[in-house]
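Predicted model only: the values in this text are computed from it and were never measured.
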Amino acid sequence: MKIRQLLQEIDLINRLNSRTLELDIQGIADNSRDVEAGFVFVAIAGFKSDGHQYIEQAIEKGTLVVVGEQEITGLSIPYLQVENSRKALGIMARNFYGHPSKEKVMIGITGTNGKTTTSYMLQHFLENNGMTCAVIGTIQNVINGQKTKSANTTPSSLALHKLLSLSRDEVIIMEVSSHGLAQHRLAGITFDYSLFTNLHPEHLDYHGSMAEYFQTKLLMFHQLKANGTAVVNADNVWGRKLTETLQREGKSVYAIGRSSDCDLRVVYFTPTTSTMLVEERNETYQMDSAMNGMHNMYNTLMAYGTSRLLGIPKEKLLDSVPHFKGVEGRFEVSKLTNGSTVVVDYAHTPDAVSYCLETVKLQGAKRIIHVFGFRGDRDPSKRSAMLSISAEWSDRYILTLDDLNTVSQIEMVDDLKRLNETYGNEKGSIIPDRTVAIQKAINESKTGDWVVITGKGHENYQQSYQLPTISDRETIEFVIESE
Ligand SMILES: CC(=O)N[C@H]1[C@@H](OP(=O)(O)OP(=O)(O)OC[C@H]2O[C@@H](n3ccc(=O)[nH]c3=O)[C@H](O)[C@@H]2O)O[C@H](CO)[C@@H](O)[C@@H]1O[C@H](C)C(=O)N[C@@H](C)C(=O)N[C@H](CCC(=O)O)C(=O)O
Ligand SMILES: Nc1ncnc2c1ncn2[C@@H]1O[C@H](COP(=O)(O)OP(=O)(O)OP(=O)(O)O)[C@@H](O)[C@H]1O
């Protein structure tokens, strides 16, 4: 591809000469280590390092042209200055890979919680009804049925356009994180359907306030195609605000929720059986689901409503809904021989912990023993609320370690002690070793009790613990087998 074609629709601060514009480029890299001969290197001022520092390294590796934000002169090769390197990277990636999102049905899912669950549920509904789907998100990326590990929930724009160009799937279902939106990882993408699950306090260390967090989420809805539709959970206060905003802008909104003005409305939900009575276009009918909890009622409505918008007949979908059994690490239930039950759940926000413990209570738990911790380097403002909810709902809670990231164990344990003294109660104790905490909880459980382990879900442990296990699931199996 010629540089001239690569730069289409990019706002340039300086101009390249006509000879440079006709050069053929072989690829794009945003990391100097990935540069090959004939590439364009895009320098990004990042959170940890500054790509502009690596320009010489990129030149040594054979880059033809450098794109960056800083005013730089005197390079041995052409330099192109742009307003925003991350944005320019997305547009270049789109041009290089031939605008791959144009050919697909693009579905973006955003919100604090429920993105992964809604993605896989939607994939299940669509594939059961004859469509092929790619899924891009937290657990993995699935393209043409092939699974690969994902580095981020929302990949960099370069990785994303490459994935899209490789995909032969009809529909792309992707989780869209607020970090991804803020960092222009979606630049060059347009959506047919944009889904909003909910918004709760999270990542406020990054976004500063709920208002800013909301504004960032809103960016995805400004990337809807002209005939695209927003599917919004209108029971969430921010979902209401989003609906009003989008309607004012003349965008098409499909609302789900409990109120009478919703396009897909839950008239009644029976939590013990996960049965819903729903109303759609003045018709009321029953929907049976295998997914526990009110939060999954909302996820089901989001996925079901989007499938209806894609034209799948109601009867076919109603057959598919009960067959979706859930996602790895999200309310994963094991029954133990001592008559107790263990749940592993990825809840790591106050609302998610609350939904999880409430669901367990509604399943008839005699006693709830809750094991959880807090991630180092992640928004500490949510910790007190998570602890207060656990202290209220559980009969016993054990505070333990989650991923420490760059925080030391001593620092985290000190914070657990401080939080427990301020927001906890007599039901709580602290066992820093996560595997020992889980072992203790399981050993204490009796018939009818539920042990609820939240925070890590499907993920492997970042640090090693006393028991020789690498995930909550493995620890549970180890404890059961050691009995
Ligand atoms: C803090 C943050 O969000 N960082 C993201 C950001 O990194 P960055 O661009 O700032 O990277 P950097 O390391 O400072 O490097 C700057 C530039 O120098 C370049 N470089 C660097 C070294 C070198 O030798 N040569 C070189 O050229 C790098 O390639 C980069 O272009 O852009 C990268 C590419 O898009 C992301 O992978 C990276 O995500 C990091 C790994 C991360 O952990 N992010 C988390 C916070 C995140 O994004 N999470 C959300 C989900 C949140 C949730 O819902 O829980 C997600 O979507 O994953
Ligand atoms: N609709 C929902 N509302 C509130 N909480 C939910 C909802 N759906 C799931 N949860 C809770 O959030 C946890 C994570 O769910 P899921 O992975 O689907 O969300 P996510 O948005 O992809 O999360 P993340 O961004 O952290 O990957 C679940 O284990 C559950 O506790």
Exercise: do Ser194 and Gln223 side chains pair donor with acceptor under 3.5 Å = no

Short N-O contact, Glu36 and Lys61, less than 4.0 angstrom | no

Test side chain to side chain donor-acceptor pair (under 3.5 Å) applied to Tyr79 and Thr73, step by step | CA-CA 8 Å; Tyr79 176 75; Thr73 51; over 6 Å; no

Would you please say whether a donor-acceptor pair under 3.5 Å links the side chains of Ser390 and His370?
-> yes

Apply the test side chain to side chain donor-acceptor pair (under 3.5 Å) to residues Gln5 and Asn95: give CA-CA distance (whole Å), side-chain angles for both, the deciding distance (0.1 Å), then the verdict.
-> CA-CA 7 Å; Gln5 295 163 310; Asn95 294 344; over 6 Å; no

Does the pair His184 and Asn84 meet the rule for a side chain to side chain donor-acceptor pair (under 3.5 Å), with working shown?
-> CA-CA 9 Å; His184 304 286; Asn84 186 314; 3.3 Å; yes

Decide if atom NZ of Lys314 counts as having more than 12 heavy atoms of other residues, nucleotides or ligands within a radius under 6.0 Å.
-> yes

So, Ser381 and Asp205: side-chain donor and acceptor under 3.5 Å apart, yes or no?
-> no

The residue among Thr400, Asp472, Thr475 that forms side-chain hydrogen bond (donor to acceptor under 3.5 Å, both in side chains) with Arg434 is Asp472

State plainly whether the residues Asp415 and Arg418 are in salt-bridge range, i.e. N to O under 4.0 Å.
-> yes

pair Val321-Tyr304: side-chain heavy atoms closer than 4.5 Å = yes

Check whether any side-chain heavy atom of Phe41 lies under 4.5 Å from a side-chain heavy atom of Asp30, and answer yes or no.
-> no

Do Thr469 and Glu474 get their side chains close enough for a donor-acceptor pair, meaning under 3.5 Å?
-> no

Intermediate values then yes/no, side chain to side chain contact (heavy atoms under 4.5 Å, CB included), Ile470 and Asn460 = CA-CA 5 Å; Ile470 57 160; Asn460 285 346; 3.7 Å; yes

Working for side chain to side chain contact (heavy atoms under 4.5 Å, CB included), residues Ser177 and Arg185 = CA-CA 9 Å; Ser177 68; Arg185 293 183 210 156; 4.2 Å; yes

Is the closest basic N to carboxylate O distance between Lys456 and Asp403 below 4.0 Å?
-> yes

Is there a donor-acceptor pair closer than 3.5 Å between any side-chain N or O of Asn299 and the backbone N or O of Thr118?
-> no

Ring centres under 6.0 angstrom apart (His161, Tyr97) = no

Run the salt bridge (Lys or Arg N to Asp or Glu O under 4.0 Å) check on Glu328 and Arg473 step by step: do they pass?
-> CA-CA 10 Å; Glu328 201 191 337; Arg473 173 84 12 238; over 6 Å; no

Residues Arg240 and Asp261 bridged, charged N to O under 4.0 Å = yes

Could you go through the ring-ring contact (aromatic ring centres under 6.0 Å, His included) check for His323 and His124 one step at a time?
-> CA-CA 9 Å; His323 295 291; His124 175 87; 7.2 Å; no

Gln70: partners by side-chain hydrogen bond (donor to acceptor under 3.5 Å, both in side chains), with sequence neighbours left out | Asp50

Are Pro350 and Met386 side-chain neighbours, meaning at least one heavy-atom pair lies under 4.5 Å?
-> yes

Evaluate the ring planes of Tyr206 and Phe47, with Trp represented by its six-membered ring, and classify them as parallel (under 30°), tilted (30 to 60°) or perpendicular (over 60°).
-> tilted

Test applied, side chain to side chain contact (heavy atoms under 4.5 Å, CB included); reference residue, Ile107; option that passes from Val176, Ile172, Leu195 = Leu195

His207 and Glu202 side chains, donor-acceptor separation under 3.5 Å | no

Among side-chain atoms of Tyr298 and Asp235, is any donor-acceptor pair under 3.5 angstrom?
-> yes

Glu170 and Lys104 ion-paired at < 4.0 Å = no

His458 and Tyr346: aromatic ring centres closer than 6.0 Å?
-> yes

Do Ser85 and Val82 have side-chain heavy atoms sitting under 4.5 Å apart?
-> yes

Can a salt bridge be assigned to the pair Asp24 and Lys2 using a cut-off of 4.0 Å between side-chain N and carboxylate O?
-> yes

Would you say Phe372 and Leu387 make side-chain contact, with heavy atoms under 4.5 Å?
-> yes

Between Glu22 and Arg4, is the closest basic N to carboxylate O distance under 4.0 Å?
-> yes

Do we see a donor-acceptor contact under 3.5 Å between the side chains of Asn198 and Asp351?
-> no

Do Leu309 and Val231 have side-chain heavy atoms sitting under 4.5 Å apart?
-> yes

